[in-house]
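One structure is given below, encoded as structure tokens.
All heavy atoms count here, side chains included; hydrogens, waters and symmetry mates do not.
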Amino acid sequence: EPTEIPLAKRWISELRRTLGGPHFLEKDQCFAGFLDGRRNQAYLCAQLNELIAFFRDLRAPGLWEKGYDIPEHCSVENLGPPLLNRIHHHFETLRGQLWNPSSYVHGLSPAGSNAVRRLNVLVHQLEALEHSKSLRKSEGRICPYSSVHFLEPKSNNPLPLEDEDYDFFSFEESFGLIQMHYCQIGKTHLHAWSDGDTDIFDENINNLRVFSAGFAIGWTEHLAGVKRYDPFLEWLKARGVALTGKNYFVDRYGNKQGLGYLNVGRIPLRQFGGRSPAEIQTLVGLHDDIYKIRLHENGQVLERTYDYRVDDRNYDELIVQAFPKS
């Protein structure tokens with residue numbers, strides 16, 4: 001159910017456009033931070049190490065003549081923010097910014113481009129597991145989420161936010177809240193702060209500037225009365241940020257940087273039949289797939305079915321076929 005902020009209507013319109021045309025739903029980032037699934041830390045570490053070997057052996061025109069060496073090795077024993085931040089830094093180097101792509105992306109095949117995409121996905125999947133493990137130990141709860149992202153065959157360019165959208169950034173968090181997902185390269189200031197990321201390029205710390213049909217669903221049960229973001233705001237001030245309002249600040253380049261999230265919708269929890277958030281987490285975690293998206297609007301229904309799974313043998317082949325053509 002969409003919220004009342006102006007972006008919510010434009011998001012629904014973009015979702016309608018996407019569902020009505022050719023696209024591919026990425027299944028490898030639909031669910032993150034659920035601790036009891038098969039895609040556990042050991043599984044994801046093995047996937048990440050295979051990808052690191054792939055980059056080392058990859059030969060392509062331009063900067064890929066000798067491959068790309070990622071010296072880090074991922075294991076359950078050495079997992080943590082320092083390692084994952086360093087590996088994510090390699091993704092930044094390989095991809096660049098949405099508005100300033102890296103030279104590494106030139107000459108890459110769709111399979112190579114997909115490998116760069118997967119590097120980012122695997123890091124964030126592992127980060128989500130680490131966050132949930134830490135939170136379960138300290139507070140007895142987990143912080144899973146769903147990230148819904150579409151690939152379109154010809155163009156995958158997000159749309160710019162409008163000036164009024166920056167007045168609706170918020171730190172509001174609640175179970176089942178739907179947020180505009182981060183559809184650009186890098187991290188928000190909030191993400192960089194929470195990760196303690198000292199490896200990220202300064203130019204890759206950018207809050208949301210664009211939006212797309214994609215979205216993120218928060219499945220985290222939040223503690224009432226906890227002011228999580230006061231230390232973050234102090235961190236911004238220490239970096240020389242002048243905080244003149246609660247929704248955004250203006251950086252040294254004159255760009256507005258939204259504070260928090262753009263909450264575009266809410267999951268109607270009544271459909272879960274009175275289950276508690278913890279029970280809903282268990283239910284969703286056991287069904288880690290999105291099979292169908294159905295849009296109800298003005299008495300009409302638009303739906304798409306995604307009859308494949310991330311564990312299918314031909315999943316990588318399907319996603320490479322769907323990768324945007326330059």
Say whether Tyr166 and Gln257, considering side chains only, have a donor N or O and an acceptor N or O under 3.5 Å apart.
no
Of all residues at least two apart in sequence or in a different chain, which pass the salt bridge (charged side-chain N to carboxylate O under 4.0 Å, His left out) check with Glu221?
none
So Trp193 and Phe232, would you call those rings parallel, tilted or perpendicular, with 30° and 60° as cut-offs?
tilted
Among all residues two or more places apart in sequence or in another chain, which pass the side-chain contact (heavy atoms from CB on, under 4.5 Å) test with Ala46?
none
Write out all pairs satisfying salt bridge (Lys or Arg N to Asp or Glu O under 4.0 Å) with one or both partners inside residues 240-255, taking only residues at least two apart or from two chains.
none
Salt bridge (charged side-chain N to carboxylate O under 4.0 Å, His left out) with Lys237: which residues, sequence neighbours excluded?
Glu234
Without swapping roles, check the side chain of His23 against the backbone of Glu152 for a donor-acceptor pair under 3.5 Å.
no
Could you walk me through whether Tyr68 and His90 satisfy the ring-ring contact (aromatic ring centres under 6.0 Å, His included) test, starting with their C-alpha distance in whole Å, then the side-chain angles of each, then the deciding distance to 0.1 Å, before giving a yes or no?
CA-CA 9 Å; Tyr68 182 88; His90 291 290; 5.6 Å; yes
Would you find a donor on one side and an acceptor on the other, under 3.5 Å apart, between the side chain of Glu303 and the backbone of Lys292?
no
Using the six-membered ring wherever Trp is involved, compare the ring planes of Tyr104 and Trp64 and label them parallel, tilted or perpendicular (cut-offs 30° and 60°).
perpendicular
Could you list the donor-acceptor pairs under 3.5 angstrom formed by side chains in residues 50-58, with sequence neighbours left out?
unit_1: Arg56; atom_1: NE; unit_2: Asp69; atom_2: OD1; d: 3.1
unit_1: Arg56; atom_1: NH2; unit_2: Ile70; atom_2: O; d: 3.2

side-chain contact (heavy atoms from CB on, under 4.5 Å) with Val105: which residues, sequence neighbours excluded?
Arg95, Pro101
Taking only residues two or more places apart in sequence or in another chain, which ones pass side-chain contact (heavy atoms from CB on, under 4.5 Å) with Gln271?
Ile267, Pro268
Could you check whether any side-chain N or O of Asn49 sits under 3.5 Å from a backbone N or O of Cys45, counting only pairs where one atom can act as donor and the other as acceptor?
yes
Below 4.0 angstrom, N of the basic side chain to O of the carboxylate: do Asp288 and Arg309 qualify?
yes
Hey, mind stepping through Gln281 and Arg141 against side-chain hydrogen bond (donor to acceptor under 3.5 Å, both in side chains) and telling me if it holds?
CA-CA 10 Å; Gln281 287 173 338; Arg141 60 193 182 101; over 6 Å; no
Listing request: all ring-ring contact (aromatic ring centres under 6.0 Å, His included) pairs with a residue in residues 281-302, at least two apart in sequence or in separate chains.
none
Residue list, side-chain contact (heavy atoms from CB on, under 4.5 Å) with Leu44, at least two apart or on another chain:
Arg39, Leu122, Gln125, Leu126, Leu129
Suppose the criterion is salt bridge (Lys or Arg N to Asp or Glu O under 4.0 Å): which pairs have a residue in residues 100-116, not counting sequence neighbours?
none
So that I can tick it off, tell me whether Arg59 and Glu65 are bridged by a salt bridge, with the cut-off set at under 4.0 angstrom between side-chain N and carboxylate O.
no
Spell out, as yes or no, whether a donor-acceptor pair under 3.5 Å connects the side chain of Ser113 to the backbone of Ser109.
yes
Contacts under 3.5 angstrom, residues 3-10 side chains, donor-acceptor by atom type, not counting sequence neighbours:
unit_1: Thr3; atom_1: OG1; unit_2: Asn263; atom_2: O; d: 2.7
unit_1: Arg10; atom_1: NH1; unit_2: Asp165; atom_2: OD1; d: 3.2
unit_1: Arg10; atom_1: NH2; unit_2: Asp165; atom_2: OD2; d: 2.5

Main chain of Cys30, side chain of Ser147: is a donor-acceptor contact present, judged purely on distance under 3.5 Å?
no
Go through Asn206 and Arg209 one step at a time and tell me if the side-chain hydrogen bond (donor to acceptor under 3.5 Å, both in side chains) criterion holds.
CA-CA 8 Å; Asn206 277 282; Arg209 298 189 191 184; 2.7 Å; yes
Not counting sequence neighbours, which residues clear salt bridge (charged side-chain N to carboxylate O under 4.0 Å, His left out) with Glu14? List them please.
Arg17
In plain terms, say whether Glu92 and Lys187 are close enough for a salt bridge, that is, a side-chain N and a carboxylate O under 4.0 Å apart.
no
Quick one: do Arg266 and Glu1 make a salt bridge, cutoff under 4.0 Å?
no
